[in-house]
Amino acid sequence: MLSILADTMFFPPERSTVAGSVDGLFDFIYYLSLFFFVLIIGAMIYFVLKYYQRPGHTETPSPSHNEALEITWSVIPSILVGVIFFFGFTGYLNVREAPENAYEIQVIASKWNWVFKYPNGAESSDLHIPVDRDVKFLLQSQDVLHSFYIPAFRIKMDCVPARYTSTWARATHTTGSGIDDSGHAPLRLFCAEYCGEQHSKMHRGVFVHETADFDQWVEKAANILENNPPEIAGEILFKRKGCAQCHSVEGDNSAKYPGPPLNGQWGTERQVIPRGSSSPITVTMDENYVRQSIRQPNSEIVVGRKPGMTVFTPQLLKDEEITAIIAYLKSIK
Amino acid sequence: MSTITPETHIDSGHNDDPSSNYLTSSSGFMSWAFTLDHKRIGVMYLVGIFAAFFLGGVLALLLRLHLMVPNGLFGDWVSLNSYNQLFTLHGAVMIFLFIIPSVPAALGNFVLPLMVGAKDVAFPRMNLASFHLWVFGAIFFLIALVTTGLDTGWTFYTPYSIETQTNVIAATIGAFILGFSSIFTGLNFIVTVNTMRPPGMTWFKMPLFMWAIYATAIIQILATPVLGITLLLLMGERILGIGIFDPSMGGDPVLFQHFFWFYSHPAVYIMILPAMGIISELMSVYSRKPIFGYTFIAYSSIAIALLGFLVWGHHMFVSGQSPMAAVIFSGLTFSVSIPSAIKVFNWTATMYKGNINLATPMCYALSFIFLFTIGGLTGLFLGALATDVHLHDTYFVVAHFHYVMMGGTVIAFVGGLYHWWPKMFGVMYNEFFGRLFCAVVFFGFNLTFLPQFVMGSRGMPRRYATYVDEYQIYHVLSTIGALALGIGMVGAIAVLVISLFNGRKAPANPWGAATLEWTCTSPPPYYNFEHAPHVDSPYDYSGLKYDPQIGGYVKDPNAPKPAAGHH
């Protein structure tokens, strides 16, 4: 009964094979702590009630030390923390080392976006994984420290620039059915290492599919350009690559979006300040302007805006993908 | 007549009238700003750190208010930046300007020389320099605050701290200077304890507060230089691009974390050890019992100081350091929990068969045991590797360190301040309001931080300006608690300040304590003692008798001499 209460109070649902053992250790430490807390605070309250200063009451002599007692209360906690340490450490090795033949997904964190790359070349901004299969996450960062955290799986690992780190999980439940996002109630994925301005917005969904659904999803995701008309493919890419984080497509020109709005802009003129210059020049929003703004975003900054956009190298965004995004930008009014 | 001859004194014009005390012996701004008197330096520190505490507290309330609603109470886009600066400055101000100097520099400065029966610390000029450096460091923090702010978190993690446009340089210069202030204080206390103890005060007859300050001082002088070097390297990185921590130049950002925590973990013990020292004094005095297990408590202070240097890697279990390193650091981390547990058991046992006076300082001491026990036990979840992976960088950690730092250090500090207040200013405060606000603080504190354990274990990451709806209930509870806590703290301090104007005159020894500082008058004379004090056991209360006429305790001339070596 108490354990049910504790579970519902303290934990998100257990959705990976390791979650149960982590929660088990948590519960063990919790009840042990509760026991000692009640013991210490109970003794404290009892002594206060029994020995508080009042007329006629006085202190009575008692030993000011007792080696047997003190050794006992040093040794017993030592043994208990040794046990906690042992279970913590075996559980940890389990999380750190992915089983062999795990399905490998590359996770690329940047300010303030997640990109997930699948073995067949598919990419997504939300995480999609198959159920009941070991999935290894190979983590990297494009800029500063980020941390890959999925509470329902009880896993977390920092993404360190210029270094690969990894973690893994095996999901135990699907989040819904079908390859469409609307059929799912996704789990949460957070960035847990402070990474600047939009750190708290760097959270995404985790979709756990049936194996057959996943195969279908990842196949479709790999071929956005072929499976969709250019405008639609461009819209998918626009959202997936994180452009929508900073650019409004509804004409919102407020400071809520660091970048200028992009709808209804095609062919219009704007004032930009070239890098190293102080006076603005006029440019037209055309194919070449958009391409340059993606490849070298800091070379010409729109007047009134600050440099800050991620540089999209060909590794992050292929030329064909830029073409599709251009088609999308042309289409939004 | 004074048996101590005066040496050269900068505060010219101090008067030798025996009825004057350190507060009235001379007057004017210069007599305070350039005083060499440890008591005045302690009082100036007290004023300074309370200003910092107030600033840090206001920042805390602002950020708690912001978190009342998932998208932030103060708007959206602009607030992301401001929120990041709020939590950074809250942390940096509280850690560097308030909590590190709180007990050692403010209370320690005032009490320690009195406890050894001396007229000052070993190096009074260095002591003054330490305070002036604190002021300079604080100015640099204020410069950072009013220019472009600071948004790195108080940990300055690279590479973000290399890139950010905010004023990292001013803040690091500030922290660098404060490091020197801390080293000077530590050095002074080590020499004072080593060389200035009176005849008869052997190491194992020292009050436990002295043991705690001594252990703290060891950490201050050994660990602080590492922070200084790290911050210099960070400045070099930002100004010159030397490439030690910057991955784009082949540097290692995780190296920064190793350097940073090599100081900052021991710094946690700079914060908590002196607080434990205060609690050892309070539990004994207000239970009217010798402290239980003196030797174990004394040794555990030193053990904590030394083991504290070996556990920094537990801040980095998910940083990508090797699993082997993580396992070793986890094991060492648990080893440091044992001396802390021993202290808690000893404090509780001290009350056994006592005569417990529930005066305000004792109420704070009991609060401390309650809150610090929660803080310590929740550390077990974070020391264990498997659970830490889930809880790391969530609100569970925020709650845990606030239970230790605020529920521990700040509560003990306020308790200690109430305990020594009559000695410091010669007035008694209102007991009713003292206890009332202690209760408000206790209630507000728990309402603030208990929900954070729950939301943290449910996955709420820390340092988030906005959050998903499901955590709102915990944030609302926490914010209400923080407002109560704020009211309680302001009230607790107001009770003390008001006593300066209407407080009853304090006797030399209002609590019946047996340590030496209570043998001089309240407030102490300029040279502390009229006569060289006689050293007795610091926890033997048998020779003290309550005199209702003066409202305090006096030595009972008929009391039998305490048996030698009762420890």
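In this text, all values refer to a predicted model and were calculated from it rather than measured experimentally. Side chains are part of it too, since the values below use all heavy atoms of this structure and drop only hydrogens, waters and symmetry mates. Proteins get letters first, then strands, A, B, ... in listed order; numbering begins at 1 in each.
Heavy-atom pairs under 4.5 Å with chain B were tallied for A:S78, A:A162, A:A43, A:G91; the largest tally goes to A:S78. Your options are A:T58, A:T90, A:T167, and the one with the most heavy-atom pairs under 4.5 Å with chain B is A:T58. Most heavy-atom pairs under 4.5 Å with chain A, from the set B:G320, B:S287, B:S335: that is B:G320. No other option in B:T373, B:V344, B:V468 has as many heavy-atom pairs under 4.5 Å with chain A as B:V468. Across B:T152, B:L391, B:I342, B:V327, the residue that shares the most heavy-atom pairs under 4.5 angstrom with chain A is B:V327. Interface check for chain B: of the options A:D143, A:I40, A:V18, the most heavy-atom pairs under 4.5 Å are formed by A:I40. By number of non-hydrogen pairs under 4.5 angstrom with chain A, the leading residue of B:V318, B:T333, B:T164 is B:V318. Residue with the most contacts toward chain B among A:F153, A:W73, A:Y164, A:F86: A:W73 (heavy-atom pairs, distance under 4.5 Å). Of the listed residues (A:G196, A:P77, A:S147), the greatest number of heavy-atom pairs within a distance under 4.5 Å of chain B belongs to A:G196. The candidate with the highest count of non-hydrogen atom pairs below 4.5 Å against chain B, out of A:F148, A:F26, A:F36, is A:F26. The most heavy-atom pairs under 4.5 Å with chain A, out of B:N355, B:L366, B:V454, come from B:N355. Between chain A and the options B:A326, B:G251, B:P461, heavy-atom pairs under 4.5 Å are most frequent for B:P461.
Looking at B:E470, only its side chain comes within 4.5 Å of chain A, counting heavy atoms on both sides. Proximity to chain B (any heavy atom under 4.5 Å) is shown, for A:R154, by both the backbone and the side chain. The part of A:I155 that comes within reach of chain B is its backbone (N, CA, C, O), which places non-hydrogen atoms under 4.5 angstrom from that chain. Residue B:T394 touches chain A through its side chain alone, counting heavy-atom pairs closer than 4.5 Å. With a 4.5 Å cut-off on non-hydrogen atoms, A:I41 touches chain B through its side chain but not through its backbone. At a 4.5 Å heavy-atom cutoff, the contact between A:S200 and chain B is made by backbone and side-chain atoms alike. For B:P253, the part sitting under 4.5 Å from any heavy atom of chain A is the side chain, from C-beta outward, and nothing else. Using a 4.5 Å cut-off between heavy atoms, A:L69 contacts chain B through its side chain alone, with no backbone atom that close. A:C195 touches chain B through its backbone: at least one of N, CA, C or O sits under 4.5 Å from a heavy atom, while the side chain does not. Using a 4.5 Å cut-off between heavy atoms, B:Q321 contacts chain A through its backbone alone, with no side-chain atom that close. For B:I369, the parts sitting under 4.5 Å from any heavy atom of chain A are the backbone and the side chain alike. Looking at B:I338, only its side chain comes within 4.5 Å of chain A, counting heavy atoms on both sides. Of the atoms belonging to B:N346, heavy atoms from both backbone and side chain fall under 4.5 Å from chain A. Only the side chain of B:S337 comes within less than 4.5 Å of a heavy atom in chain A; its backbone stays farther off. Heavy-atom distances place no part of B:I162 under 4.5 Å from chain A, backbone and side chain included. Residue B:T158 touches chain A through its backbone alone, counting heavy-atom pairs closer than 4.5 Å. With a threshold of 4.5 angstrom between heavy atoms, A:R54 approaches chain B through N, CA, C or O but not through any side-chain atom. With a 4.5 angstrom heavy-atom cutoff, A:N94 does not touch chain B via any of its atoms. For A:V160, the part lying near chain B is the side chain, with the backbone staying farther off; criterion is any non-hydrogen pair under 4.5 Å.
Taking every heavy atom of both residues into account, A:L25 and B:A384 meet most closely at CD2-CB, 4.1 Å. In terms of heavy-atom proximity, A:F85 sits nearest to B:G331 at CE1-N, 3.3 Å. Residues A:S74 and B:F296 share a closest heavy-atom pair of OG-CE2, 3.8 Å.
Remark: B:D388 does not engage A:K156 in a salt bridge, criterion side-chain N to carboxylate O under 4.0 Å. A salt bridge links B:E163 with A:K111: the closest approach of a Lys/Arg side-chain nitrogen to an acidic carboxylate oxygen falls below 4.0 angstrom.
Atom OH of B:Y299 sits in a sparse spot, with 12 or fewer heavy atoms from other residues, nucleotides or ligands closer than 6.0 Å.
Taking the side chain as every heavy atom from C-beta outward, A:P161 and B:S248 never approach each other to under 4.5 Å. Proximity of B:L380 to A:S33: side-chain heavy atoms (C-beta onward) are separated by under 4.5 Å at one or more points. For the pair A:Y52 and B:N357, the minimum side-chain heavy-atom distance is 4.5 Å or more. Here the side chains of B:Y160 and A:L145 are not in contact, with every heavy-atom distance at 4.5 Å or above. Residues B:F345 and A:E70 have side chains not in contact (no heavy-atom distance under 4.5 Å, counting atoms from C-beta outward). Using a 4.5 Å heavy-atom cutoff, the side chains of B:M351 and A:M44 are in contact. Residues B:Y352 and A:S62 form a side-chain contact, since some pair of their non-hydrogen atoms from C-beta on lies under 4.5 Å apart. Residues B:P323 and A:L93 have side chains in contact (heavy-atom distance under 4.5 Å, counting atoms from C-beta outward).
One finds the CZ atom of A:F87 at 14.0 Å from the CG atom of B:L385 (value rounded to the nearest 0.5 Å). Rounded to the nearest 0.5 Å, atoms CZ (A:R96) and CE (B:M324) are 12.0 Å apart. Here A:E193 contributes atom CD and B:S319 contributes atom OG; the two are 9.0 Å apart, rounded to the nearest 0.5 Å.
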| Worked check of ring pair (Phe, Tyr, Trp, His ring centres under 6.0 Å) between A:F10 and B:F453 | CA-CA 8 Å; A:F10 283 112; B:F453 283 122; 8.3 Å; no
| field | B:H390 vs A:Y149, side chain to side chain donor-acceptor pair (under 3.5 Å): CA-CA, chis, key distance, verdict | value | CA-CA 8 Å; B:H390 174 57; A:Y149 176 32; 3.3 Å; yes
| What's the verdict on side chain to side chain contact (heavy atoms under 4.5 Å, CB included) for B:I356 and A:K50, showing C-alpha distance, side-chain angles and the deciding distance? | CA-CA 9 Å; B:I356 298 167; A:K50 193 156 161 87; over 6 Å; no
| Residue pair B:Y286, A:Q53: steps toward the side chain to side chain contact (heavy atoms under 4.5 Å, CB included) verdict | CA-CA 9 Å; B:Y286 295 93; A:Q53 202 170 67; over 6 Å; no
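Listed for the B:Y157 side chain is no donor-acceptor partner under 3.5 Å among the backbone atoms of A:Y194. Between the side chain of B:K353 and the main chain of A:Y51, no donor-acceptor pair closer than 3.5 Å is present. Within the 3.5 Å criterion, the main-chain N or O of B:F317 finds a donor-acceptor partner in the side chain of A:Y92.
Looking at A:Q198, A:H203, A:K201, A:H199 one by one, the single match for side-chain contact (heavy atoms from CB on, under 4.5 Å) with B:T466 turns out to be A:K201.
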